[in-house]
Amino acid sequence: MSEPVTDAAGATDAATMTNAPTEREAGTMTEAQTTDATTDATTSTDAPWRDRSLPAGARADALIAELTLDEKIAQLYGIWIGAADDGADVAPHQHDMSTDVNLDELLPKGLGQITRAFGTAPVDAAVGAQSLARLQERIVASSRFGIPALVHEECLAGFAAYGATAYPVPLSWGATFDPELIEQMARRIGADMRSVGVHQGLAPVLDVVRDARWGRVEETMGEDPYLVGTLGTAYVRGLEASGIIATLKHFVGYSASRAGRNLAPVSVGARELADVLLAPFEMVVRDAKPRSVMNAYTDLDGVPTAADHDLLTGLLRETWGFEGTVVADYFSVAFLETLHGTAGDLGDAAAAALEAGIDVELPTVHAFGEPLVRAVVDGRIDEDVIDLALRRVLVQKIEAGLLDDPAAPAASSAAKGTVDLDPVENRALARRIAEQAIVLLHNDGTLPLAEPARIAVIGPTADDPLAVLGCYAFPTHVGVHHPESGLGIELPTLIEALRTEFPSAEIRSASGTSIDGGETDGIAHAVALAATADVVVLALGDRAGLFGRGTSGEGCDAETLDLPGAQAALLEAVLDAGTPTVLTLLAGRPYVLGTAPDRAAGILQAFFPGEEGTRALAAILGGRVNPSGRLPVSVPSTPGAQPSTYLASTLARRSSVSNIDPTARYPFGHGLGYTSFAWSDLQVEAPQVTTEGAVLLSLTVENTGDRAGAEVVQLYLHDPVASVVRPVQRLVGFRRVELEPGASVRLSVEMPADLAAFTGRDGRRIVEPGALVLGFGRSSADLPLRSSVELVGPVRVVDHTRALHPVWAVVG
């Protein structure tokens, strides 16, 4: 869930950062309090928890033995001060859950976390770093043992701070099919966060899209668990390599809510849960070793995940071996009482969450405060349960160096005087990701544009600088509440980018309608403008927002997949004008495109491509960049055939017994470019392999066009006969291949039989003998090379240690 925005908005004084004390506040400790705290800190300098030569666990155990109950519990919550009460909430129930926090009373007990010091109001990065360092000094000085707080921030599409790089949203990461590129981005995001004293990032989102009407589709990496897990692994590796604690979310089932409604009930079977929704988490926990997980708001078959011991402890910790912390999604502990009705009061909610495996309550002290203390005193929860969570929290703090040099990054940054969170290197990477993420859906040969003399740029996203950003980018998430502070980063509009890309063209523009207002008065003028141009660039799409204030984003769910407002009417009217029209979509989800697939000159899909997105779009339109993005979600043919993803069984596809055809207009994995590729000479080493073996395949990919380009070779598995119903096609691997004109490459791929595993009738994951069809595809619906192989031998039971990836190699 999102966070509330405070009224504080200045950026020239350290005191303006919401969670930072002013100099006056920092002096409110009495002289006696300061002396006592200093004396305690001095006498404990030789204590075992300060001994860097000891293992982190031993240091944590020694410290736990000295803490009082209040001091223990204080390490298990964060603080978040200054929620606005002016009606500009960005999180539902935020005021129901807010409490007045008196730092003078709170800090002597200690503090577990600081919530979004940089992501709550606009603040200069250097000023924020200085203020954060001072707050950490106050936390250390105020308590007996001087334990600093962990600082967490959002980093869904970049560090969500004023002036920080706004990268493309995760749905665009999915469209790149390029894990290495996503890892590079995560490293840069992490380095920026560390430079100002942040320790933990609340990303990545590993939810798999099940219904494109869900508002948070933009935050996901797509509708396929293998794609999500592979890119999520890359992101976590990059973030963790930079020293930031990555937090997987939302564990689990959040994206499968009924009718695509945010925070709605979830109805999934055990097999869908295991094979689709849990699969990316399993992959990332094993392969990337993240240090934190956040629970989902959902309940699974009546059990809220915040109180699900089988999920948070039995599966996550005992089966998968996760050793990090589980943090509560914002307010989700209290939701056990207020929304789920499984706790009688906040004390019961706190006890249930802790016993299930949640270690830290976020965003602020609530259920884990006095209600938890009372629950311990009343005997509703044993103190040993608190010690278990506390040990994980303290080990993480010790491993992060917080007991040794708590404010070093923030203090170092503050000393520099200036901090640039959007350097040229970041922008170059953001642009590269955007270029690889934009998907060319359709092209009748008009693209790339051949220096048109007159361009009509029409549509509501053409002149909107925020049209490239998702709901968790700082300017859209927080900045909209502080217009006096400006955007903080350069956000060229599409019109501006096109003027730069086509300097000799006459460019005229008209909005035609708004994004979601439904106005039609401007359509006639837009059509007249289109009729006078050589080419039309029609810019449609979404406005990112929160809880109904946008058309995409958290709490901005769609009733249907029609384009918002009157945009569909504008689209058809402009196409009727007869001028070659290139439809460009700046959106957070796929939409029905009317007659555009049959009548438009070209269609470019950009999923909120970030601060360099319009320049990337213009470069593709002009031909300087060859598009290579592939759809991470299917584009529907009709607005109401939901929920629908490519990962579907035969019964979920078109049939003669229903009048509803869910077939996608553009399938998962689809994407065109400005060159052509030929695939040939598929070879399979052996027609039979054992259920413990691996299939070895090879093929040749050749660039048969006249310019360099990238092809994405996708490997799909079809299981014709199985003991349970299986999807018709399932992605089990992919390889991005970049080739010069006329060049070719021979690829081999070793596919372990483990990749054919699924959850059987008895709940165990199995590899069954029988025929499989392996297909190399340009999309899930275009498989030019296929081969049948047979798995032989006994049914084999596999677990979380099974092979998860094929092995690709260039062999010639």
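Here the structure is a predicted model, which is why all the values come from computation and not from measurement.
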Worksheet entry | Candidate pair Val633 and Arg589, rule side-chain contact (heavy atoms from CB on, under 4.5 Å), full reasoning | CA-CA 8 Å; Val633 287; Arg589 64 162 64 85; over 6 Å; no
- Where do Tyr472 and Val169 land on the side-chain contact (heavy atoms from CB on, under 4.5 Å) test, with the steps shown first? CA-CA 9 Å; Tyr472 268 79; Val169 297; over 6 Å; no
Stepwise side-chain contact (heavy atoms from CB on, under 4.5 Å) check, Trp173 with Asp178: CA-CA 8 Å; Trp173 310 352; Asp178 191 339; over 6 Å; no
Steps toward side-chain contact (heavy atoms from CB on, under 4.5 Å) verdict (Thr493, Asp464): CA-CA 6 Å; Thr493 66; Asp464 181 359; 6.0 Å; no
Evaluation steps, side-chain hydrogen bond (donor to acceptor under 3.5 Å, both in side chains), between Thr614 and Glu496:
CA-CA 8 Å; Thr614 58; Glu496 291 169 342; over 6 Å; no
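Rounding to the nearest 0.5 Å gives a distance of 12.0 Å between OG1 of Thr461 and CD1 of Ile458. A distance of 5.0 Å separates CZ of Phe502 from CD1 of Ile455, quoted to the nearest 0.5 Å. Rounding to the nearest 0.5 Å places NE2 of His718 at 11.5 Å from CZ of Arg726. Rounding to the nearest 0.5 Å places CG of Leu171 at 10.5 Å from OG1 of Thr176. The CG atom of Leu156 sits 5.0 Å away from atom CD of Glu219, with the distance rounded to the nearest 0.5 Å. Between the SG atom in Cys155 and the CG atom in Asp192 there is a gap of 11.0 Å [rounded to 0.5 Å].
Of all heavy-atom pairs spanning Val228 and Pro280, the tightest one is CG1-CB, 3.8 Å. Nearest heavy-atom pair across Asp661 and Thr638 is O-OG1, 4.0 Å. The shortest heavy-atom contact between Leu785 and Trp679 is CD1-CB, 3.8 Å. Scanning both residues, Ala678 and Thr704, for their nearest heavy atoms gives CB-CG2, 3.7 Å. Pairing each heavy atom of Ser172 with each of Pro609, the nearest pair is OG-CA, 4.2 Å.
For the residue pair His442 and Asp598, no side-chain donor N or O sits within less than 3.5 Å of a side-chain acceptor on the partner. Side-chain contact annotation: Asp542 with Tyr591, donor-acceptor N/O pair under 3.5 Å present.
When atom types are taken as modelled, the side chain of Tyr716 and the backbone of Ser780 share a donor-acceptor pair closer than 3.5 angstrom. Looking only at distances, no side-chain donor or acceptor of Thr581 sits under 3.5 Å from a matching main-chain atom of Ala600.
Within 6.0 Å of CZ on Arg286 lie more than 12 heavy atoms contributed by other residues, nucleotides or ligands. A 6.0 Å sphere centred on CZ of Arg654 holds no more than 12 heavy atoms belonging to other residues, nucleotides or ligands. The local environment of CD in Glu490 is crowded, with over 12 non-hydrogen atoms from other residues, nucleotides or ligands closer than 6.0 Å.
Between Arg624 and Glu501 there is a salt bridge, since a side-chain N of the basic residue sits under 4.0 Å from a carboxylate O of the acidic one. Checked for salt-bridge contact, Lys249 and Glu154 meet the test: a charged N lies under 4.0 Å from a carboxylate O. One finds a salt bridge joining Arg427 and Glu612 here, because a Lys/Arg side-chain nitrogen approaches an Asp/Glu carboxylate oxygen to under 4.0 Å. The existence of a salt bridge linking Glu435 and Arg615 is excluded, since no basic side-chain nitrogen approaches an acidic carboxylate oxygen closer than 4.0 Å. Electrostatic pairing of Asp207 and Arg216 does not count as a salt bridge here, judged by no charged N lying under 4.0 Å from a carboxylate O. Residues Glu554 and Arg549 are not paired through a salt bridge, judged by the lack of any N-O separation under 4.0 Å between the basic side chain and the carboxylate.
In this structure, Tyr666 and His670 have parallel ring planes: the angle between them is below the 30° cut-off, well short of the 60° mark. In this structure, Tyr646 and Phe668 have parallel ring planes: the angle between them is below the 30° cut-off, well short of the 60° mark.
Aromatic pair Phe734/Trp808: centroids not less than 6.0 angstrom apart.
Taking 4.5 Å as the limit, some side-chain heavy atom of Leu277 sits within range of a side-chain heavy atom of Val268. Residues Leu739 and Ser744 fail the side-chain proximity criterion, which asks for heavy atoms closer than 4.5 Å.
Test Arg630, Arg735, Arg736 against Glu711 for salt bridge (charged side-chain N to carboxylate O under 4.0 Å, His left out) and you get one pass: Arg630. If you run side chain to side chain contact (heavy atoms under 4.5 Å, CB included) between Thr165 and each of Leu429, Asp422, Leu421, only Asp422 comes through.
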